[in-house]
Protein chains: 2
Amino acid sequence: MVAPSLRARVRAGMIDEIKAVARRHLATDGANLSLRAVARDMGMVSSAIYRYFPSRDDLLTALILDAYQALGDAVEAADAAVDPVDLRGRWHAACRAARAWALAHPAEYALLYGSPVPGYAAPDDTVAPASRPPLALVGILRDGLASGRLRPPEEELPEPLRDDLAEVAAATDMALPPALLARGMAGWTQLFGLISFELFGRINRMLPHRDEYFDHQTALLADLIGLP
Amino acid sequence: MVAPSLRARVRAGMIDEIKAVARRHLATDGANLSLRAVARDMGMVSSAIYRYFPSRDDLLTALILDAYQALGDAVEAADAAVDPVDLRGRWHAACRAARAWALAHPAEYALLYGSPVPGYAAPDDTVAPASRPPLALVGILRDGLASGRLRPPEEELPEPLRDDLAEVAAATDMALPPALLARGMAGWTQLFGLISFELFGRINRMLPHRDEYFDHQTALLADLIGLP
DNA sequence: TCAAAAGAGAGAGCACTGCTCTTGACGAGG
DNA sequence: CCTCGTCAAGAGCAGTGCTCTCTCTTTTGA
């Protein structure tokens with residue numbers, strides 16, 4: 001590993017600083033990020049930004065990737081900090097970590113899970129980081145199944161759905177019965193909905209005690225999944 | 001009722017046409033709607049639009065109100081078309097109607113339920129139309145409770161949450177026990193999450209049979225709520 | 001009936017945006 | 001020393017929301 005040249009290090013620092021300033025702007029101006037404003041804050045001219053990011057969308061992509069990474073880290077770390085056999089504890093820890101990260105970084109959460117930016121198409125390398133949070137949740141179910149602490153639901157699924165889910169389970173190396181995978185995805189859907197409603201201000205005025213609400217709703221889904 | 005003057009009728013027609021063109025643009029360009037482009041499509045100059053909508057945000061508000069209205073109509077009509085005592089049938093009908101409307105009007109759905117437009121604050125008169133879909137769902141539970149076909153869950157809620165939910169129930173004239181209201185809101189959250197994931201392309205590549213997936217997931221929540 | 005008032009469209013202009021292209025300066029490697 | 005790659009700056013293009021003024025037409029009231 002050769003030491004990076006001075007130029008390379010300065011360049012990396014510039015990229016980091018641009019992203020930091022852009023994140024700050026994201027928090028106030030939302031997804032319509034202005035390259036000129038970022039450049040102004042950095043004391044340079046707008047065209048100079050293009051030396052580091054070929055377009056505004058590329059800067060957005062970099063921010064999105066970083067955000068997925070941070071959210072995935074937070075959820076996985078919270079999950080790993082709990083006794084692996086305590087399935088319900090892991091579930092709540094993972095859910096709370098996702099919510100805490102979203103509340104701490106609302107603009108970045110909106111960038112990840114809000115309405116897609118019109119002309120912008122997320123590149124393929126965002127798919128893997130994007131699937132880390134749901135995979136962490138489903139991993140809890142897989143561990144519970146492996147250790148015998150979680151028994152799969154008995155209901156029958158219609159055939160095409162069962163095949164789809166079996167294929168998903170196979171593609172993600174999760175040996176989960178389709179019905180259980182469906183419940184795990186229901187939990188992930190619910191988690192996303194809870195955070196989005198809270199962040200986008202749909203329940204704030206009527207539910208002052210949001211921590212308790214969140215915990216209760218995630219507990220409901222844990223019941224539905226069958227976590228002991 | 002005096003007949004509206006010619007000018008008033010022409011003006012109303014203009015407003016409708018502007019909204020129709022704006023909706024068309026919404027479908028392709030998303031929330032960053034261009035007044036100039038709308039004006040261009042109508043063969044007039046951009047400044048003339050301001051005779052009808054004092055700002056771009058006001059045009060957006062008008063579109064949002066119309067969309068809430070349409071979605072509320074769709075959900076309520078679907079609910080009303082089912083035998084009132086068939087709680088599960090009503091639940092599925094309402095959920096399917098919301099999804100169908102969203103799939104038919106993805107851009108408007110994103111306007112309603114996507115990330116909030118940065119500088120834009122929804123005016124107060126959007127609150128009532130916005131609560132129609134969830135109220136339709138909760139209304140199913142209220143009817144089930146009144147007819148004795150639905151028994152409320154027995155779990156205990158933490159006190160602050162119970163009080164919050166009791167207040168919400170009172171404010172909406174829905175005599176629902178807090179635990180049941182919480183489950184109804186879980187259903188609404190799940191419905192929103194399901195539609196959003198499907199519309200924003202998070203499950204499309206892995207689940208080809210989306211109708212079956214949607215029905216199964218809403219059935220899961222119906223089970224959680226306790227619909228017979 | 002006829003003038004005053006109100007409504008409507010057009011155009012110019014301001015400050016802003018993303019992005020491209022050209023020009024000139026600077027530093028590291030041969 | 002000197003060339004070559006990197007960088008910042010500036011001008012410029014096309015587009016944006018919005019305001020102001022000017023003109024023309026329709027409606028209204030005495």
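Chain naming here is simple, since letters A, B, ... match the order of the sequence lines and numbering starts at 1 in each. Keep in mind that the numbers below use all heavy atoms, side chains included, and drop hydrogens, waters and symmetry copies.
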What's touching nucleotides 23-28 of chain C from the protein side, N or O pairs under 3.5 Å?
none

With the criterion being N/O to N/O and under 3.5 Å, what pairs connect the protein with nucleotides 17-21 of chain C, and how long is each?
residue, atom, partner, partner atom, Å
C:dT17, OP1, A:Ser34, OG, 3.2
C:dT17, OP1, A:Arg40, NH2, 3.4
C:dT17, OP2, A:Arg40, NH2, 2.8
C:dG18, OP1, A:Leu33, O, 2.9
C:dG18, OP1, A:Leu35, N, 2.4
C:dG18, OP2, A:Leu35, N, 3.2
C:dG18, OP2, A:Arg36, N, 3.0
C:dG18, N7, A:Arg36, NH1, 2.2
C:dG18, O6, A:Arg36, NH1, 3.0
C:dC19, OP2, A:Tyr50, OH, 3.1
C:dC19, OP2, A:Arg56, N, 2.8
C:dC19, N4, A:Arg36, NH1, 3.4

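D:dT19 atom P lies 16 Å from atom CZ of B:Phe53, rounded to whole Å. Atom CE of B:Met14 is separated from atom C1' of D:dT26 by 15 Å (rounded to the nearest Å). Straight-line distance from the CD1 atom of A:Ile49 to the C1' atom of D:dC7: 13 Å, rounded to whole Å. Summarising the geometry, the separation between CD on A:Glu17 and C1' on D:dC7 is reported as 15 Å, rounded to the nearest angstrom.
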- Task: Would you please test B:Arg90 and B:Asp143 for salt bridge (charged side-chain N to carboxylate O under 4.0 Å, His left out) and show each step?
- Result: CA-CA 11 Å; B:Arg90 289 173 64 187; B:Asp143 291 356; 3.0 Å; yes
- Task: Apply side-chain contact (heavy atoms from CB on, under 4.5 Å) to A:Leu220 and A:His216, showing your working.
- Result: CA-CA 6 Å; A:Leu220 277 183; A:His216 180 255; 3.9 Å; yes
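Distance from the side chain of A:Arg11 is smallest for D:dC7 among the nucleotides C:dA10, D:dC7, D:dA9.
Heavy-atom contacts from other residues, nucleotides or ligands closer than 6.0 Å to CG of B:Asp124 number 12 or fewer. Other residues, nucleotides and ligands place more than 12 heavy atoms under 6.0 Å from the CD atom of B:Gln69.
The side chain to side chain donor-acceptor pair (under 3.5 Å) check on B:Gln190 picks up nothing, with sequence neighbours excluded.
Neither side chain, A:Ser196 nor B:Tyr113, offers a donor N or O lying under 3.5 Å from an acceptor on the other.
In this structure, B:Tyr52 reaches the sugar-phosphate backbone alone: every heavy-atom distance under 4.0 Å involves primed, P, OP1 or OP2 atoms, never a base. Using a 4.0 Å heavy-atom cutoff across all strands shown, B:Met42 reaches no nucleic acid atom at all.
With a 4.5 Å cut-off on side-chain heavy atoms, B:Asp58 and B:Ser55 count as touching. For the pair A:Asn32/B:Asn32, no side-chain contact is recorded, criterion being any heavy-atom separation below 4.5 Å from C-beta on.
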